[in-house]
Amino acid sequence: MTHRNFFFMLGALACPFLGAYAQKVSKPNIIYIMCDDMGYGDLGCYGQPYINTPNIDRMAQEGMRFTQAYAGSPVSAPSRASFMTGQHSGHCEVRGNKEYWRNAPVVMYGENKEYAVAGQHPYDPGHVILPEIMKDCGYTTGMFGKWAGGYEGSVSTPDKRGIDEYYGYICQFQAHLYYPNFLNRYSKSLGDTAVVRVVMEENIRHPMYGKEYSKRPQYSADMIHAEAMRWLDKQDGKQPFFGILTYTLPHAELAQPEDSILQDYQKKFFHDKTWGGSEDSRYNPSVHTHAQFAGMITRLDAYVGEVLDKLKEKGLDDNTIVIFTSDNGPHEEGGADPTFFGRDGKLRGLKRQCYEGGIRIPFIVRWPGKVAAGKVNDHQLAFYDLMPTFCDLAGVKNYVKKYTNKEKEVDYFDGLSFAPTLLGREGQKEHEFLYWEFDETDQIGVRMADWKMVVKKGTPYLYNLATDIHEDHDIAAEHPEIVKKMKEIIKTQHTPNPHFSVTLPSFE
């Protein structure tokens, strides 16, 4: 019997009741909102002085705000993979933004060139991912936004991985355009048998680069949010739902409708910067770059407010967990200016770096009546903790035993449930360490209590975050015993991967 057949046969037996934290209560609904490239300091509730985020700030006031939460990776695809698989990037199949469109045949949308295949390296089909577990547990599942877990037609697309309704970008490179030539859809309710392309007929009348690009009217962020809201509006409380809203805002390019959100910031940042564009990267030129970036975050904030309002309107608020976070740290692509906004929250580093600025992210959890309102928590967690936490809250008992492929049993899951922290219960387990590796910049990151090691091209640098949050002072030479211990962690946690590699430090 195959691993996949095994866990789908479990069916209702896997989740007959809720776990210890929610007995005698129906399974909670879960909405996981993950935006794209938002830094730790980009929200008002994390100290951002320039950008208005009233809805997310209110969510923090009504829930729990974490100060030491970490992405799965300093870039998109592997960070999302960590969330989906419950593995860190030393074990996960996807450890970078490996593309599969570059050598594909060209197809035309109007006068615009595209590729016949688009997407990234697929998740291991033999390793269960979170939507499959939730679906197996009786949840209906919807995902809206960026997938980045397999190219079109691969072994890992939403239709094959436990998603009932999907709308967005299969390929994260395609997501560089906010006015794209097409989006992707998979809808059981519409009778789709696989992921399909939905052509943006009004957009393709105009070129996808240059001055005429601004004439394109179909803005993907609004369209993806509208589909998410339609899906949410269909939920009636009879079946628990698991929604994954992976909005592409505020990732470059800097583009959005010329409405009151943008116009207000154009007035605020009167002496604004311009940026010349990069056609190869699909980033169009931008004027009012600060206004554009701030407006994209406020637009995202409005989406979050509409989600929360819809839950209240439908009477689903009290039994729905809502999480808001970002996939990694801030970027400086497409004209973005993280220095101006102080976006790293006084942390060192940006996207693609294993310093704190590349991986420490905003993380807010709201669940009225269950998660204490207004709490600020310093529990150390990472994206690979979300799988065990959701399983715990939804009553999936012994999920490791049920869903582990016996041929790959060692290091199959890496996360720890933080449900006790959310619910104010005793018994919260703490990580001995957190781990990241990223091949594109050849970096490894390890956090052990307040010690932080960053390995760059095989050379280790050691910092004490308790006294050096900006990671300015390398104290590796002063603490050889700590360096040795953290090297041993790397030695035990790194598994070889034919598609992604990093330079390991010397273990002598």
Would you check if the side chain of [X] reaches a backbone N or O of [Y] as a donor-acceptor pair within less than 3.5 Å?
{"X": "Lys402", "Y": "Lys397", "result": "yes"}
{"X": "Asn497", "Y": "Glu93", "result": "yes"}
{"X": "Glu227", "Y": "Ile224", "result": "no"}
{"X": "Asn328", "Y": "Ser76", "result": "yes"}
{"X": "Glu132", "Y": "Ile129", "result": "yes"}
{"X": "Glu471", "Y": "Tyr463", "result": "no"}
{"X": "Gln172", "Y": "Lys146", "result": "no"}

Show me the donor-acceptor pairs, under 3.5 Å and distance only, between side chains in residues 477-486 and residues at least two apart or in other chains.
none

Closest approach of Phe341 to Gln48 (non-hydrogen atoms, all atoms of both residues)
O-NE2, 2.9 Å

Decide yes or no for [X] and [Y]: does some side-chain heavy atom of the first lie under 4.5 Å from some side-chain heavy atom of the second?
{"X": "Ile30", "Y": "Met134", "answer": "yes"}
{"X": "Val195", "Y": "Pro158", "answer": "yes"}
{"X": "Asp468", "Y": "Ile475", "answer": "no"}
{"X": "Val396", "Y": "Tyr403", "answer": "yes"}
{"X": "Val322", "Y": "Ile33", "answer": "yes"}
{"X": "Pro74", "Y": "Leu350", "answer": "no"}

Side-chain donor-acceptor pair present, Asn319, Ser26, cut-off under 3.5 Å
yes

Do Arg447 and Gln68 pair up side chain to side chain, a donor and an acceptor below 3.5 Å, judged on atom types alone?
yes

Residue list, side-chain contact (heavy atoms from CB on, under 4.5 Å) with Pro240, at least two apart or on another chain:
Lys27, Asn29, Tyr139

side-chain contact (heavy atoms from CB on, under 4.5 Å) with Thr441: which residues, sequence neighbours excluded?
Arg352, Phe438, Gln443

Do Phe241 and Trp231 have their ring centres less than 6.0 Å from each other?
yes

Determine, using ring centers only, whether His127 and Tyr412 are less than 6.0 Å apart.
yes

Please determine whether side chain to side chain contact (heavy atoms under 4.5 Å, CB included) holds for the pair His91 and Tyr384, giving the CA-CA distance in whole Å, both sets of side-chain angles, and the decisive distance to 0.1 Å.
CA-CA 11 Å; His91 295 150; Tyr384 46 89; over 6 Å; no

Can you tell me which residue among Tyr247, Phe83, Phe324, Phe363 is in a ring-ring contact (aromatic ring centres under 6.0 Å, His included) with Tyr32?
Phe83

Measure up the Tyr435 and His88 rings against each other and bin them: parallel (under 30°), tilted (30 to 60°), perpendicular (over 60°).
tilted

